[in-house]
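Comments concern the structure below.
Nothing fancy with the numbering, it's 1 onward along the sequence.
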Amino acid sequence: MPRRAPDHQPARPTWRCGTCGIAWPCSTAKLRLLATYRLDRPALLAHLAALQAEAAANLAALNPSAAPADLSGRFTGWASAR
């Protein structure tokens with residue numbers, strides 16, 4: 001039976017990659033997202049913005065006394081057209 005490739009999904013509420021453990025989206029997740037949305041960059045950015053809002057809420061709930069993190073570079077900055 002062939003092995004299924006790791007899917008590199010975010011582990012909520014920490015928003016670390018469930019496969020490699022680094023901040024999500026990891027490099028593999030970014031490549032997969034770009035491939036999935038290759039014909040619709042605005043839809044990719046809308047999807048990432050929704051995930052960014054969810055991540056901000058999750059991370060704020062984990063540590064309410066911390067200043068809100070700027071997640072835009074992590075979630076949408078890399079996907080913007082250059």
Next item on the list: May I ask you to test the Phe75-Leu45 pair for a side-chain heavy-atom distance under 4.5 Å?
Entry: no
Next item on the list: Compare all side-chain heavy atoms of Cys20 with those of Thr28 and state whether any distance is below 4.5 angstrom.
Entry: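 They are not in contact (no side-chain heavy atoms under 4.5 Å apart), so the answer is no.
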Check: Is there a path from Leu59 to Ile22 through hydrophobic residues (I, L, V, M, F, W, Y) whose side chains come within less than 4.5 Å of each other?
Finding: no
Check: Linking I/L/V/M/F/W/Y whenever any side-chain heavy atoms sit under 4.5 Å apart, do Leu48 and Leu34 land together?
Finding: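 Linked within one cluster.
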Check: side chain to side chain donor-acceptor pair (under 3.5 Å) with Gln52: which residues, sequence neighbours excluded?
Finding: none
Next item on the list: Applying side chain to side chain donor-acceptor pair (under 3.5 Å), name anything that partners Asp40, two or more places apart in sequence or on another chain.
Entry: none
At their closest point, which heavy atom of [X] faces which heavy atom of [Y], and how far apart are they?
X     : Y     : result
Thr76 : Ala49 : CG2-N, 3.9 Å
Leu44 : Ala79 : CD2-CB, 3.9 Å
Pro13 : Leu62 : O-CD1, 3.4 Å

Notebook entry, point to check: Which value, rounded to the nearest 0.5 Å, describes the distance between Gln9 atom CD and Thr19 atom OG1?
Noted result: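 The OG1 atom of Thr19 is 8.0 Å from CD of Gln9, to the nearest 0.5 Å.
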Residues in side-chain contact (heavy atoms from CB on, under 4.5 Å) with [X], at least two apart?
X     : result
Ala23 : Arg16, Arg74
Ala29 : His8, Trp24, Pro25, Cys26
Leu31 : none
Asp70 : Ser72

Next item on the list: Among residues two or more places apart or on two chains, list those pairs meeting salt bridge (charged side-chain N to carboxylate O under 4.0 Å, His left out) that have a residue in residues 43-64.
Entry: Arg12-Glu54
Next item on the list: May I ask you to decide if Ala11's main-chain N or O and Thr14's side chain share a donor-acceptor pair within less than 3.5 Å?
Entry: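 Between the backbone of Ala11 and the side chain of Thr14 there is a qualifying donor-acceptor contact (under 3.5 Å).
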Next item on the list: Can you tell me which residue pairs pass the ring-ring contact (aromatic ring centres under 6.0 Å, His included) test with a partner in residues 26-46, sequence neighbours excluded?
Entry: Tyr37-His47
